[in-house]
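The block underneath contains the structure these notes are about, expressed in structure tokens.
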There are 2 protein chains.
Amino acid sequence: MPARIDPGQRRRHVVGAAFRLVVAEGIDGLSLRKVAAEAGLNVGSVRHYFDGHEDLLAAAAEEAGDRMGRRLARHPVDGLRGLTGAAALDALQALVEEVLPVDTERREEAIVVLELILAARTRPVFRPISARMAADLGRVVADALAALGVRDPEGAAAQVTALIGGLTIDTVTPHGSLGVDRLRATLRAHLSMLLAHHGDR
Amino acid sequence: MPARIDPGQRRRHVVGAAFRLVVAEGIDGLSLRKVAAEAGLNVGSVRHYFDGHEDLLAAAAEEAGDRMGRRLARHPVDGLRGLTGAAALDALQALVEEVLPVDTERREEAIVVLELILAARTRPVFRPISARMAADLGRVVADALAALGVRDPEGAAAQVTALIGGLTIDTVTPHGSLGVDRLRATLRAHLSMLLAHHGDR
DNA sequence: GCCTATTTATCACACCCGTGATAAAGTCCG
DNA sequence: CGGACTTTATCACGGGTGTGATAAATAGGC
């Protein structure tokens, strides 16, 4: 009972196609036929690896969450402990920028995650993963702020995560719009204020 | 050439139905048939007042923008000039809360506006109104901050508008989630920090 | 070389959608 | 009353969608 190709690789290929399609047309622009076309495959082939429409969406959502999780994991909290001044600010900014649309790769992830979170409002299927991602991000930010000696890390993290969401919207949608440089500057101004104001424990 | 009912009222009635539907099912859950059912009307009747699908969406979007514009217009900038300390903070918070989902009415508006802005990313039809709303809000916030003597009002406004977007997401979607009290507290903490840090011109 | 299981490729079905065209009902003016 | 116009109510068409079932092709293991 063979397999001439690696099923995992195939799945990742299809998920990648779904990614590109969500970025291009939004989460509702997705369809099995479009995904199949984008992946250069047949509808039946796609359906062989994913039981149906919902499964495919869920897999794409999982993938987005995993990518961001991996990004955040590259910044261990212990590396921040004891930092002060500009070094603390730089480290914190670098951490937060991992989930912001500062380049093409992160921009695509941000778009997919944003569409996912918004879709979770009306489609309960996405609720658990959406909640998990938000909780993970909040935890990472709060831990980082705590490691930097910020007072009330939970409250400050609430501000930062809200800012992340808003900056993502402003950058990702064409309603202004925020360039990457202004995005970075706005984030930096906020983090700087946060460290200066609540910096002393 | 009569009309036994007021066309404007009918239009508003239909737009209201579209509003409720967007809130309940998202902007893609909308359809002429559903709107007609929600409004207690017939598909043909709806299509008599709105040329088609896009017209209806655009009208709903306009309505959302107008409502928020009217809200913001209730807080003239001159009322803020010269305020300091807690009074300045209270006034600024009241202004910003007009566009945040702190009650059912504003929550519905926030949802519709959010869905609209996100949809504008892939559907150019919504771009102009989306851009206009974002610009209006940015202007109002920047003017208010300037009137309160905040240094670099544009930069500070960028932070506040980003925070507004993020807080809206966090409150409106079930991915946490932020209650109204925590929403208010997070906003207040940020505004307070902003006034304290950049308060002196 | 054959057999078995995986993978691919196509059907057809039912559903919902937007839209155009058209008929029916209702309401005011003269 | 009669005619003109607005409003309402249906119809059918073409297109796209998810899904189930099924046939064809492919690639090892024996």
Side-chain angles (χ1 to χ4, degrees), chain A residues 1-62 115-116 119-120 122-126, chain B residues 1-61 115-116 119 122-126:
Chain A
M1 54 294 213
R4 76 165 180 285
I5 59 110
D6 180 26
Q9 182 178 334
R10 259 280 195 269
R11 279 182 63 99
R12 262 177 283 124
H13 179 66
V14 174
V15 168
F19 247 74
R20 291 191 294 277
L21 225 37
V22 170
V23 171
E25 307 190 15
I27 213 172
D28 287 287
L30 213 66
S31 76
L32 290 179
R33 288 168 174 85
K34 286 182 185 173
V35 170
E38 173 72 24
L41 295 177
N42 188 285
V43 182
S45 307
V46 174
R47 289 224 309 149
H48 178 71
Y49 293 97
F50 300 92
D51 285 358
H53 186 225
E54 253 183 14
D55 263 32
L56 180 53
L57 264 321
E62 288 281 352
E115 295 263 352
L116 161 71
T122 54
R123 262 166 295 190
V125 198
F126 298 140
Chain B
M1 54 292 214
R4 78 164 180 286
I5 60 111
D6 180 29
Q9 182 179 336
R10 257 281 193 268
R11 278 182 65 99
R12 264 177 282 125
H13 179 65
V14 174
V15 168
F19 247 73
R20 292 191 293 277
L21 225 36
V22 170
V23 171
E25 307 190 17
I27 213 171
D28 287 287
L30 213 65
S31 76
L32 290 180
R33 288 169 173 84
K34 285 182 185 174
V35 171
E38 173 72 24
L41 295 176
N42 187 283
V43 182
S45 307
V46 174
R47 288 223 310 149
H48 177 71
Y49 293 97
F50 300 92
D51 284 0
H53 185 225
E54 252 184 14
D55 264 33
L56 181 53
L57 264 322
E115 295 264 351
L116 161 70
T122 54
R123 260 166 298 190
V125 200
F126 298 140

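In what follows, chains carry the letters A, B, and so on, assigned in the order in which the sequence lines appear, proteins first and then strands, with residues in each chain numbered from 1. Here the structure is a predicted model, which means the values were calculated and not measured.
Per the geometry, NE2 belonging to H13(B) stands 10 Å off P belonging to dT8(D), to the nearest Å. dC17(C) atom P lies 17 Å from atom CD of E54(B), rounded to whole Å. Per the geometry, CZ belonging to R11(B) stands 13 Å off P belonging to dT8(D), to the nearest Å. Taking atom CD1 on I27(A) and atom C1' on dT17(D), their separation rounds to 16 Å, with Å as the unit. As rounded to whole Å, 7 Å separates atom P of dT8(D) from atom CG of L41(B). The CG atom of L30(A) sits 16 Å away from the P atom of dG16(D) (whole-angstrom rounding). Between R47(B) atom CZ and dA9(D) atom C1' the separation is 12 Å, expressed in whole Å. One atom, CG of N42(B), and another, P of dG18(C), lie 14 Å apart when rounded to the nearest Å.
Contact annotation: the side chain of K34(A) approaches that of E25(A) to within less than 4.5 Å [non-hydrogen atoms, C-beta and beyond]. Counting only heavy atoms from C-beta outward, the side chains of F50(B) and L32(B) never approach each other to under 4.5 Å. Within the 4.5 Å cutoff, side-chain heavy atoms of F126(A) are placed close to those of L57(A).
Regarding contacts with the backbone of dT8(C), a side-chain N or O of R10(A) is found under 4.0 angstrom from either OP1 or OP2. The phosphate of dT8(D) has neither OP1 nor OP2 within less than 4.0 Å of any side-chain N or O from H48(B). The phosphate of dT17(D) (OP1 or OP2) has a side-chain N or O of S31(A) nearer than 4.0 angstrom. For Y49(B), a side-chain nitrogen or oxygen approaches OP1 or OP2 of dT8(D) to under 4.0 Å. Under 4.0 angstrom from either OP1 or OP2 of dT7(C) there lies no side-chain N or O belonging to S45(A). Taking only side-chain nitrogens and oxygens, H53(A) comes nearer than 4.0 Å to OP1 or OP2 of dG18(D).
Taking the side chain of L32(A) as heavy atoms from C-beta on, and the options dT8(C), dC17(C), dG18(D), the nearest nucleotide is dG18(D). Checked against dT19(D), dA9(D), dT19(C), the side chain of R33(A) finds its nearest nucleotide in dT19(D).
Salt bridge present: R123(B) and D28(B) bring a charged side-chain N and a carboxylate O closer than 4.0 Å.
G44(A) comes within contact range of at least one nucleobase, with a heavy-atom separation under 4.0 Å.
Pairing each heavy atom of R33(A) with each of V43(A), the nearest pair is CG-CG2, 3.8 Å.
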